[in-house]
Amino acid sequence: MENYPIFLLLTTIIMAAASSQHIPTTLEGPFEPVTRRFDPSLRRGSQDLQMDHPRLTKNVTSNFPEQIALALSTPTSMWVSWLTGDSQIGVNVTPVDPTAVGSEVWYGKESGKYSEKRSGVSVVYKTYWKSDRGCGFLIGLEPETKYYYKCGDSSLAAMSDELVFETLPLPGKYPPRIAFVGDLGLTSNSTTTIDHLITNDPSMVVMVGDLTYANQYLTTGGKGASCYSCEFPDSPIRETYQPRGDGWGRFMQPLTSRVPMMVIEGNHEIECQVNNITFLSYTTRFSVPSKESGSDSNFYYFDAGGIHFIMLGAYVDYNQTGAQYRWLEKDLRNIDRNTTPWLVAAWHPPWYNSYSSHYQEFECMRLQMETLLYQYGVDIVFSGHVHAYERMNRVYNYTLDSCGPVYITIGDGGNIEKVDVDHADEAGKCPSASDNTPEFGGVCHMSFSFGPAKGKFCWDRQPEWSAYRESSFGHGILEVVNSTYALWTWHRNQDMYQEHSHGDQIYIIRQPDLCSISSKVNKAMPGPPTSSVATAFSDRPLLPVFSAAVALVVGS
């Protein structure tokens, strides 16, 4: 086992002693559940920024690039993507020729000196909207090195201003600070979140779904609402106003043009169009290393550094007989935990959630995949979807387990749908078994067969696996110290006005010697019966699944 870097730990201990603040570790858990109620002095939400807001308006002309964003490919390569041209909406849309504008990236280690030039590809996508997206692929990059770059089309004299990024370390070392944020949107709260996140100087950003919320708006006229189904009940399909996506790209550029952003899709990225076309904007706008990770889909992939990240899709087939599960099993089997000791997973909807909102919504996915992730020792799982913060005690199959992952819900980015404040264990707040139907997959709601929730759908108190929950907007920062220690800090938006203030902080500690794959085989819960596989992705209920902890409530 790797020795701890003593000087780092001593520095932390000294700082904590000076401030009389103890930072707990997961070794001290499981912790007694803690709830911090919504602060009534705060607003539960804020309205979306208008398209003429300075952070959303287009500030380049003609074919100059905008919405510039970085994404990791391999430890020595980087995607650079951008958009050019103007969006078109209406019945008489002029076709766009993607070859009319070139895609180039110039880059080098000195400002103003670009020793390398790469050509990329241009893509046009169409819902009720058209625009040209350029993408360049930078290879042969050195780790932990600062690069200066420009992108655009030099033949049209349409290159961006000079920008700069720093590459991440190779496996064996760790990115200094990784930011996690979900369900962001484009509100005033979103602005505070991103401004706060930037001040925390991340080296990478992980977006756990629900990015632009363009599907809160009608295609024609761009009229929006915090509750789409309430405001537009007669809409035959849930429309999507793509200029909101453009505004989001401009809003994010000060961050994404210098720090790689890795994304996973949420339900607001589905954007179902005519002919049942889905996810078109998401898959076109955002670059992910799917091919590099051996995946045949942009909906699940990994990006590896000193930490092995697994990004999973909850709105595509997650069944044990499907392609995603086979890919996941192969990926987990091939991970070298000596090189990348930390294993972090992310997907949009949480499996463990004590809020009324989305309570037990993705039990089908948990039943299909939890055992596999547990057996291979996933350390931390990040999700969004619920617009609040919650950190779990280590848990497996709803049972406290010192070898289970630490699940964290970070869907508190600040979107227009407001912060969630109701808990399923509060009187009158437990959803019915027919509520919280997922936008993809079946219904596998569970009644518990043990403890305070025995015989019930909801607990009658904060569940023991829920360590800390708070209704507030914010983001999180993960700082991996070495192969066993990582510091997790949740930063509430209101804390940006108070130095050294934060909402939740803990050292997450791995115990690989105690939590080996072989030690977990006997703990594996029984999976769904073979006959349930097909029904998990239909409108029919699953057949009953039983384990030591839970029993299925058949849903429709």
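Index from 1, following the sequence.
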A.B. asks: In terms of heavy-atom contacts, does NZ of K418 have more than 12 from other residues, nucleotides or ligands at under 6.0 Å?
C.D. replies: no
A.B. asks: Which heavy atom of S471 sits nearest a heavy atom of V421, and at what distance?
C.D. replies: OG-CA, 3.4 Å
A.B. asks: Between S154 and E104, does the side-chain hydrogen bond (donor to acceptor under 3.5 Å, both in side chains) criterion hold? Intermediate values first, please.
C.D. replies: CA-CA 7 Å; S154 61; E104 305 169 56; 2.9 Å; yes
A.B. asks: Please assess Y149 against W106 for the test ring-ring contact (aromatic ring centres under 6.0 Å, His included), listing each intermediate value before the final yes or no.
C.D. replies: CA-CA 5 Å; Y149 75 101; W106 301 359; over 10 Å; no
A.B. asks: Side chains of Y300 and S290: does their closest heavy-atom pair fall under 4.5 Å?
C.D. replies: no
A.B. asks: Are any of the side-chain heavy atoms of L42 and Q494 separated by less than 4.5 Å?
C.D. replies: yes
A.B. asks: Please give me the minimum heavy-atom distance between Y107 and I139, naming the atom from each residue.
C.D. replies: OH-O, 3.3 Å
A.B. asks: Mind running salt bridge (Lys or Arg N to Asp or Glu O under 4.0 Å) on D425 and R469 for me, showing each step along the way?
C.D. replies: CA-CA 13 Å; D425 48 89; R469 62 190 184 186; 2.8 Å; yes
A.B. asks: Can we say K223 and E231 salt-bridge, meaning some charged N sits less than 4.0 Å from an Asp/Glu carboxylate O?
C.D. replies: yes
A.B. asks: Using a strict threshold of under 4.0 Å (side-chain N to carboxylate O), is an ion pair present between R492 and D504?
C.D. replies: no
A.B. asks: Any chance the side chains of N493 and T192 put a donor and an acceptor closer than 3.5 Å?
C.D. replies: no
A.B. asks: Could you please spell out the steps behind the side-chain hydrogen bond (donor to acceptor under 3.5 Å, both in side chains) verdict for T74 and S77?
C.D. replies: CA-CA 5 Å; T74 70; S77 57; 2.5 Å; yes
A.B. asks: What distance separates C444 SG from M365 CE, expressed to the nearest 0.5 Å?
C.D. replies: 12.5 Å
A.B. asks: Minimum heavy-atom separation for V263 to Y301, with atom names?
C.D. replies: O-OH, 2.6 Å
A.B. asks: Between the side chains of D331 and R326, is the shortest nitrogen-to-carboxylate-oxygen separation below 4.0 Å, so that they form an ion pair?
C.D. replies: no
A.B. asks: Can a donor-acceptor pair be found, under 3.5 Å and without considering hydrogens, that links the side chain of N353 to the backbone of S357?
C.D. replies: yes
A.B. asks: Going by atom types only, do S432 and S434 share a side-chain donor-acceptor pair under 3.5 Å?
C.D. replies: yes
A.B. asks: What is the distance from atom CE of M252 to atom OG1 of T212, rounded to the nearest 0.5 Å?
C.D. replies: 11.0 Å
A.B. asks: What's the separation between atom CZ in R366 and atom OH in Y318, rounded to the nearest 0.5 Å?
C.D. replies: 12.0 Å
A.B. asks: Answer yes or no: does atom CD of E166 have more than 12 heavy-atom neighbours from other residues, nucleotides or ligands under 6.0 Å?
C.D. replies: yes
A.B. asks: Is D161 salt-bridged to K150, cutoff N-O under 4.0 Å?
C.D. replies: no
A.B. asks: Quiz question: by atom type and distance under 3.5 Å, do the side chains of E361 and T437 form a donor-acceptor pair?
C.D. replies: no
A.B. asks: Y217 versus T240: any side-chain heavy-atom pair under 4.5 Å?
C.D. replies: no
A.B. asks: Let's go through H53 and Q50 carefully: what are the C-alpha distance in whole Å and the side-chain angles of both, what is the deciding distance for side-chain hydrogen bond (donor to acceptor under 3.5 Å, both in side chains) to 0.1 Å, and is it a yes or a no?
C.D. replies: CA-CA 5 Å; H53 190 280; Q50 298 301 305; over 6 Å; no
A.B. asks: Using a 4.5 Å cut-off on heavy atoms from C-beta on, say whether the side chain of F286 contacts that of M261.
C.D. replies: yes
A.B. asks: For a 4.5 angstrom cut-off between non-hydrogen side-chain atoms, does S235 reach E239?
C.D. replies: yes
A.B. asks: Kindly assign one of parallel, tilted or perpendicular to the pair F279 and Y282, based on the angle between their ring planes and the thresholds 30° and 60°.
C.D. replies: perpendicular
A.B. asks: Could you check whether H196 and D495, counting side-chain N and O atoms only, form a donor-acceptor pair closer than 3.5 Å?
C.D. replies: no
A.B. asks: Is the closest side-chain donor-acceptor distance between Q47 and S188 under 3.5 Å?
C.D. replies: no
A.B. asks: Take F302 and F309, measure what ring-ring contact (aromatic ring centres under 6.0 Å, His included) needs, and give me the verdict at the end.
C.D. replies: CA-CA 5 Å; F302 72 79; F309 284 89; over 10 Å; no
A.B. asks: For a quick check under 3.5 Å, do W327 and D296 share a side-chain donor-acceptor pair by atom type?
C.D. replies: no
A.B. asks: May I ask you to check whether N267 and E439 show a side-chain donor-acceptor distance below 3.5 Å?
C.D. replies: yes
A.B. asks: Check whether any side-chain N or O of S356 sits under 3.5 Å from a backbone N or O of K429 as a donor-acceptor pair, and report yes or no.
C.D. replies: yes
A.B. asks: With ring centroids as reference points, do F457 and Y359 lie under 6.0 angstrom apart?
C.D. replies: yes
A.B. asks: Between Y355 and Y389, is the gap from one ring center to the other below 6.0 Å?
C.D. replies: no
A.B. asks: Give the intermediate values and the outcome of salt bridge (Lys or Arg N to Asp or Glu O under 4.0 Å) for residues R250 and E66.
C.D. replies: CA-CA 7 Å; R250 298 171 192 133; E66 61 157 358; 2.7 Å; yes
A.B. asks: How long is the straight-line distance from NE2 of H308 back to OG of S293, given to the nearest 0.5 Å?
C.D. replies: 8.0 Å
A.B. asks: Walk me through whether N415 and L184 qualify under side chain to side chain contact (heavy atoms under 4.5 Å, CB included).
C.D. replies: CA-CA 5 Å; N415 72 81; L184 185 60; over 6 Å; no
A.B. asks: Looking at side-chain heavy atoms only, is the closest gap between T219 and Q242 below 4.5 Å?
C.D. replies: no
A.B. asks: So, for C135 and S103, which heavy atoms are closest and what is the spacing to 0.1 Å?
C.D. replies: N-OG, 3.9 Å
A.B. asks: Taking all non-hydrogen atoms of both residues, which atom of F165 and which atom of R258 are closest, and how far apart?
C.D. replies: CB-O, 3.5 Å
A.B. asks: What's the spacing between S119 OG and F137 CZ if we round to 0.5 Å?
C.D. replies: 14.0 Å
A.B. asks: Please confirm whether the backbone N or O of S354 pairs with a side-chain atom of E390, one donor and one acceptor, at under 3.5 Å?
C.D. replies: yes
A.B. asks: Between F362 and W351, does the ring centre distance come in under 6.0 Å?
C.D. replies: no
A.B. asks: Pick one: which of H268, E269, H385 meets side-chain hydrogen bond (donor to acceptor under 3.5 Å, both in side chains) with H348?
C.D. replies: H385
A.B. asks: How are the rings of H387 and H358 set to each other: parallel, tilted or perpendicular (split at 30° and 60°)?
C.D. replies: perpendicular
A.B. asks: With a 3.5 Å distance limit and no angle check, can you tell me whether S287 reaches the backbone of A71 through a side-chain donor-acceptor pair?
C.D. replies: no
A.B. asks: Could you check if a side-chain atom of L343 sits within less than 4.5 angstrom of a side-chain atom of I310, using non-hydrogen atoms only?
C.D. replies: yes
A.B. asks: Can you check whether G414's main-chain N or O pairs, donor with acceptor, with T193's side chain at less than 3.5 Å?
C.D. replies: no
A.B. asks: For the residue pair Q273 and T278, confirm or rule out a side-chain donor-acceptor distance under 3.5 Å.
C.D. replies: no
A.B. asks: If you define the side chain from C-beta out and look only at heavy atoms, does anything of F440 sit under 4.5 Å from P438?
C.D. replies: no
A.B. asks: Is there a donor-acceptor contact under 3.5 Å linking the side chains of E292 and S73?
C.D. replies: yes
A.B. asks: List the steps, then state whether salt bridge (Lys or Arg N to Asp or Glu O under 4.0 Å) holds for R44 with D39.
C.D. replies: CA-CA 9 Å; R44 280 192 59 194; D39 184 345; over 6 Å; no
A.B. asks: Grab the two heavy atoms, one from Q253 and one from Q67, that are nearest each other, plus how far apart they are.
C.D. replies: OE1-N, 2.7 Å
A.B. asks: Less than 3.5 Å apart, any donor N or O on the side chain of T321 or N319 sitting next to an acceptor on the other?
C.D. replies: yes
A.B. asks: Which class fits the ring pair F180 and W488: parallel under 30°, tilted 30 to 60°, perpendicular over 60°?
C.D. replies: perpendicular
